[in-house]
Amino acid sequence: MNAGGHVFSVDLLERNGAKGHGLITCMAAGNDVILIGTSKGWLIRHDFGVGDSYDVDLSGGRGGEQPVHRVFVDPGGSHCIANVLHSGGTETYYTHAKWARPRVLSRLKGLVVNAVAWNRQQITESSTREVILGTENGQMYEISVDEVDKKEKYIKFLFELTELPEAIMGLQMETASVGNAMRYYVMAVTPTRLYSFTGIGALDTVFASYSDRAVHFMELPGEIPNSELHFFIMQRRAKHFAWLSGAGIYHGELNFGAQHSSSGGDENFVENKGLLNYEKLGEAMKPRSLAVSEYHFLLLIGEKVKVVNRISQQIVEELKFDHAPDSVSKGIIGLCSDATAGLFYAYDDSSVFQVSTPDEGRDMWKVYLDTKEYAAALASCRSPLQRDQVYLMQADDAFSSKEYFRAASFYAKVNYILSFEEISLKFINISEQDALRTYLLRKLDNLTRDDKCQITMISTWITELYLDKINRLLLEDDPISLGNAPLGSSNAEYQSIIKEFRAFLSDSKDVLDEATTMKLLESYGRVEELVFFASLKEQHEIVIHHYIQQGETKKALEVLRRPNVHVDLQYKFAPDLIMLDAYETVESWMTTNKLNPRKLIPAMMRYTSEPHAKNETHEVIKYLEYSVHHLHNEDPGIHNLLFLVCKTGSEDDSALLRFLQCKFGKGQVDGPEFFYDPKYALRLCLKEKRMRACVHIYSMMSMHEEAVALALQVDPELAMAEADKVEDDEDLRKKLWLMVAKHVIQLEKGIKRENIRKAIAFLKETDGLLKIEDILPFFPDFALIDDFKEAICSSLADYNKQIELLKQEMNDATRGADNIRSDITALAQRYAVVERDEECGVCKRKILSTGGAHQMRRGYLPVGPMTPFYVFPCGHSFHAQCLITHVTQCSSQSQAEQILELQKQISLLDGKVTKDAGTSTSGDSIASTISANNLRSQLDEAVASECPFCGELMIRDISKPFILPEESELIASWQIKPQLATQKILPMSMSI
């Protein structure tokens with residue numbers, strides 16, 4: 001049957017649960033297994049998981065009443081300990097789910113066991129591990145049993161309450177790993193005290209340590225029918241506890257991970273302790289039994305089971321039980337719980353009821369909310385509407401306490417109960433602009449990306465509230481001045497709000513409307529924040545323009561150097577920046593590789609047009625030289641500008657000449673030596689009277705006569721140097737030197753003897769290019785010959801040497817001609833000896849063979865009966881026809897065709913000569929013979945210029961493959977083909 005309440009439900013599980021073995025005296029449950037103890041010493045086991053049930057006889061064959069005093073089962077439902085009272089004393093039994101018969105724990109004979117603590121973390125189906133037993137006489141024992149051994153492994157005495165000997169009524173144990181060791185937490189209760197034990201190591205070691213230190217306990221005096229201790233277990237770990245004591249229900253949370261030192265020296269692991277006084281329950285009787293759920297206490301008071309909320313400490317429900325109509329039961333006699341299955345059981349002397357909690361936490365958020373435990377209430381909420389109620393109550397509570405900022409944070413989380421406008425008006429009505437701003441900021445955090453319009457509107461409102469706050473701070477500091485940064489505005493609050501506002505702009509730059517926000521900032525006069533926001537929105541032009549107006553060149557250049565700034569802004573602001581700070585601007589240009597120097601020409605022209613101090617570094621020249629030398633810029637405009645700046649940048653010609661002497665195109669294939677316009681440069685230099693530069697330009701333009709003529713007006717030494725530059729045209733060089741000589745002679749007037757000597761000395765500087773006769777026309781007719789005597793004699797001596805040299809060359813030529821004639825005569829008489837058995841290098845037949853296949857068919861006439869042949873100085877010999885065939889095969893196609901054509905022409909001429917021998921004149925015969933001889937000479941040159949085995953022809957044959965492409969069929973014929981399957985293989989035998 002179901003209970004009348006909404007939290008717990010009751011179902012009849014077993015009627016006549018004792019099965020004729022007497023009345024029910026006690027009960028335990030674990031993992032969907034219940035064990036019922038009867039008044040006649042029987043233990044009845046029901047396993048609802050597998051649907052199995054059997055009875056275990058604990059009477060030992062004794063008759064009469066021998067009730068099961070207590071029964072205990074582990075959380076897994078495998079291990080069971082039962083204590084039986086009979087006339088002969090007390091027996092304690094152990095039984096396993098797989099055993100048919102129980103095992104008597106003989107060492108515990110006579111001890112009444114009231115409580116058992118299982119090691120929930122380490123217990124297994126086959127082994128109990130450490131188990132603590134608490135007895136009626138205040139003693140505690142440790143026991144361990146293995147199912148395989150069919151007996152206990154050991155039973156150890158642990159501890160005895162000596163200060164106030166009382167029965168131990170409840171025991172619980174928890175363990176936790178600490179490194180490689182184990183920490184134990186043990187809690188034990190008597191009717192008046194709660195003891196706690198903790199330590200690291202074995203259990204006996206932990207309890208032995210209390211021999212020399214005090215035991216930590218909590219004493220609550222008062223009488224109680226049955227003192228109990230229960231842990232609420234979730235995921236095999238205790239979360240909170242409850243002690244049924246005489247003074248009330250002492251309860252608290254358990255935190256085994258963060259212990260606090262207690263006054264007794266132990267580590268106390270109990271938090272948020274509390275005492276539920278029985279007077280709050282409105283009952284005269286004290287509870288006889290207790291069960292603990294996550295949020296409630298189940299109390300057996302008299303014959304009724306009442307449910308008390310652990311948080312509110314109020315009775316929320318009274319459970320109704322359907323007792324048997326014919327039963328004489330006095331009502332429920334006990335409660336127990338199954339921590340593993342999350343179930344509770346109540347029993348009378350004949351029936352067992354199951355108490356379930358289908359959803360006990362569904363209304364806990366209200367309970368926590370009533371007690372103002374807001375964090376716990378939020379954790380218990382199951383719907384957005386429930387959370388809204390918690391946030392609203394929390395916000396109203398803070399608002400009524402005038403904690404407006406805290407209230408704003410909570411109001412921002414309310415989405416359904418109260419509208420945005422209503423909450424905003426709450427703060428506007430009390431003029432709490434700062435709290436309103438906080439509310440809007442928190443509301444903004446709670447909105448999703450889909451609420452774009454609302455996000456933009458709220459962000460704009462927040463922006464205006466920030467600006468209003470800044471202005472209010474400025475007015476408070478200085479009511480007269482409304483500047484951006486008055487003296488009093490440097491206080492901490494002002495700086496903090498400015499920093500906070502900028503952070504907000506950074507976070508909201510993507511949702512704020514750009515035009516609206518900039519108008520707001522401008523209307524409030526917040527120039528710094530306007531620039532900041534423009535920078536966030538990548539409105540770099542506004543930012544740079546502001547910095548230029550403020551004269552902050554470095555900041556403007558930093559903006560321009562950002563990767564996302566378009567390069568066109570560099571060119572746009574270059575004229576203003578270079579006039580503000582030329583050094584920083586040029587340094588920035590030199591570190592920005594993406595710039596096109598040509599587009600910076602207007603800025604550089606503007607800088608150049610301004611006057612500069614003599615000792616001031618010309619920044620434009622520096623940048624142009626960097627572009628030319630390091631960036632290898634070839635733009636004529638850049639080079640022309642560099643020329644112009646070098647011309648105007650210094651009074652002397654050193655910088656200009658240094659620029660003109662640089663060959664910027666040096667190393668380029670077919671490239672120019674310079675990229676500036678020489679005509680433009682020449683026109684500027686002539687205009688500015690930079691004559692040395694003009695001379696250099698004339699020289700580069702190969703206008704050497706103009707260069708020398710102009711150099712003679714500046715410096716004769718410069719003219720000489722220019723005249724010496726011409727090397728490939730001797731006549732032009734002599735002409736230039738004559739121009740220099742004429743100028744020197746005319747400059748010295750050529751009359752005085754000393755001047756004539758200087759002119760004669762000038763001749764030596766020409767390294768013999770000019771003679772005395774070349775410069776004599778430049779002297780006056782009345783000049784004395786005596787002054788030229790030495791020069792004339794020297795000239796005559798030179799001519800005499802040249803005549804002697806020519807004679808020597810003529811004699812050498814005559815001797816050479818005689819030697820050639822001798823060589824020709826000797827060549828005609830040269831011969832070679834051919835042995836009788838000498839073979840042809842091609843056909844391997846005798847060279848001195850006659851007729852046959854090697855008879856010369858055409859091109860050569862046989863010499864007597866022998867075939868024509870060639871003999872080379874290396875010793876190789878070849879028949880003429882064999883040599884021609886071999887050379888033709890090994891030569892290129894064009895060479896082979898030429899050889900064949902020569903053979904054909906020789907053959908035709910020979911035939912013609914033979915045919916016309918009787919009719920032609922001697923003159924025609926001689927001409928034909930000469931023509932044939934010429935053709936034979938050409939043929940000899942083509943085939944016999946070198947030995948085919950020792951010359952270049954053999955070297956070229958090295959790269960030829962052994963097997964030619966046209967021999968592919970021959971290669972294929974040598975391939976081994978696989979045998980056909982039908983072909984028979986005949987056996988072969990060999991005998992020796």
Side-chain angles (χ1 to χ4, degrees), residues 831-911 932 935-992:
Y831 64 93
V833 177
V834 179
E835 299 292 338
R836 179 179 297 178
D837 56 350
E838 185 75 23
E839 295 179 350
C840 173
V842 176
C843 67
K844 303 302 179 182
R845 295 178 180 271
K846 303 294 184 182
I847 284 293
L848 301 179
S849 63
T850 60
H854 297 87
Q855 181 68 39
M856 185 66 186
R857 288 188 296 240
R858 60 182 181 177
Y860 284 93
L861 295 175
V863 182
M866 290 189 299
T867 302
F869 61 89
Y870 286 95
V871 179
F872 291 94
C874 61
H876 291 111
S877 302
F878 304 90
H879 291 120
Q881 187 57 39
C882 293
L883 179 62
I884 292 171
T885 302
H886 178 73
V887 173
T888 302
Q889 292 175 349
C890 297
S891 300
S892 63
Q893 184 177 355
S894 60
Q895 290 176 341
E897 290 175 354
Q898 181 185 4
I899 293 171
L900 294 175
E901 182 65 24
L902 288 172
Q903 274 189 303
K904 182 178 179 181
Q905 291 179 14
I906 293 171
S907 178
L908 290 174
L909 282 175
D910 288 345
L935 290 174
R936 288 191 183 94
S937 297
Q938 293 180 27
L939 184 61
D940 289 343
E941 180 66 25
V943 301
S945 60
E946 60 181 0
C947 175
F949 286 177
C950 302
E952 185 179 353
L953 193 64
M954 179 58 71
I955 295 173
R956 289 202 302 268
D957 283 349
I958 294 175
S959 61
K960 290 185 178 181
F962 289 109
I963 301 174
L964 299 176
E966 57 266 20
E967 296 177 326
S968 57
E969 294 182 0
L970 180 62
I971 298 172
S973 66
W974 281 92
Q975 290 183 352
I976 300 175
K977 299 180 180 179
Q979 294 179 350
L980 298 176
T982 57
Q983 184 177 0
K984 295 182 179 180
I985 301 175
L986 299 177
M988 297 180 63
S989 62
M990 297 180 64
S991 61
I992 299 176

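Just so you know, these numbers use all the heavy atoms, side chains as well, and skip hydrogens, waters and symmetry mates. This is a predicted model, so every value here is computed, not measured.
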Student: Ignoring hydrogens, what is the shortest heavy-atom contact between Ala942 and Val887? Give both atom names and the distance.
Tutor: O-CG1, 4.2 Å

Student: Could you give me the CA-CA distance, side-chain angles and deciding distance for Gln881 and Thr885, then say whether side chain to side chain contact (heavy atoms under 4.5 Å, CB included) is met?
Tutor: CA-CA 6 Å; Gln881 187 57 39; Thr885 302; 3.5 Å; yes

Student: Hey, what do you get for NE2 (His876) to SG (Cys947), rounding to the nearest 0.5 Å?
Tutor: 5.0 Å

Student: Please find the pair of heavy atoms, one from Phe872 and one from Ala944, that lie closest to each other, and give the distance.
Tutor: CE2-O, 3.5 Å

Student: Atom NZ in Lys844, atom SG in Cys882: separation rounded to 0.5 Å?
Tutor: 11.0 Å

Student: Return the OG to CD distance between Ser891 and Glu897, rounded to the nearest 0.5 Å.
Tutor: 11.5 Å

Student: In Å, rounded to the nearest 0.5 Å, how long is the span from CZ of Phe878 to CD of Glu838?
Tutor: 10.0 Å

Student: Out of Leu902, Leu953, Ile884, which one pairs with Val943 under the side-chain contact (heavy atoms from CB on, under 4.5 Å) rule?
Tutor: Ile884

Student: Between atom OG1 of Thr867 and atom CG of Leu848, what is the distance when rounded to the nearest 0.5 Å?
Tutor: 9.5 Å

Student: Find the distance between OG1 (Thr888) and CD1 (Ile899) and round it off to the nearest 0.5 Å.
Tutor: 4.5 Å

Student: So does Gln903 get a backbone contact from the side chain of Ser907, meaning a donor-acceptor N/O pair under 3.5 Å?
Tutor: no

Student: Could you walk me through whether Val842 and His879 pass the side chain to side chain contact (heavy atoms under 4.5 Å, CB included) test, one step at a time?
Tutor: CA-CA 8 Å; Val842 176; His879 291 120; over 6 Å; no

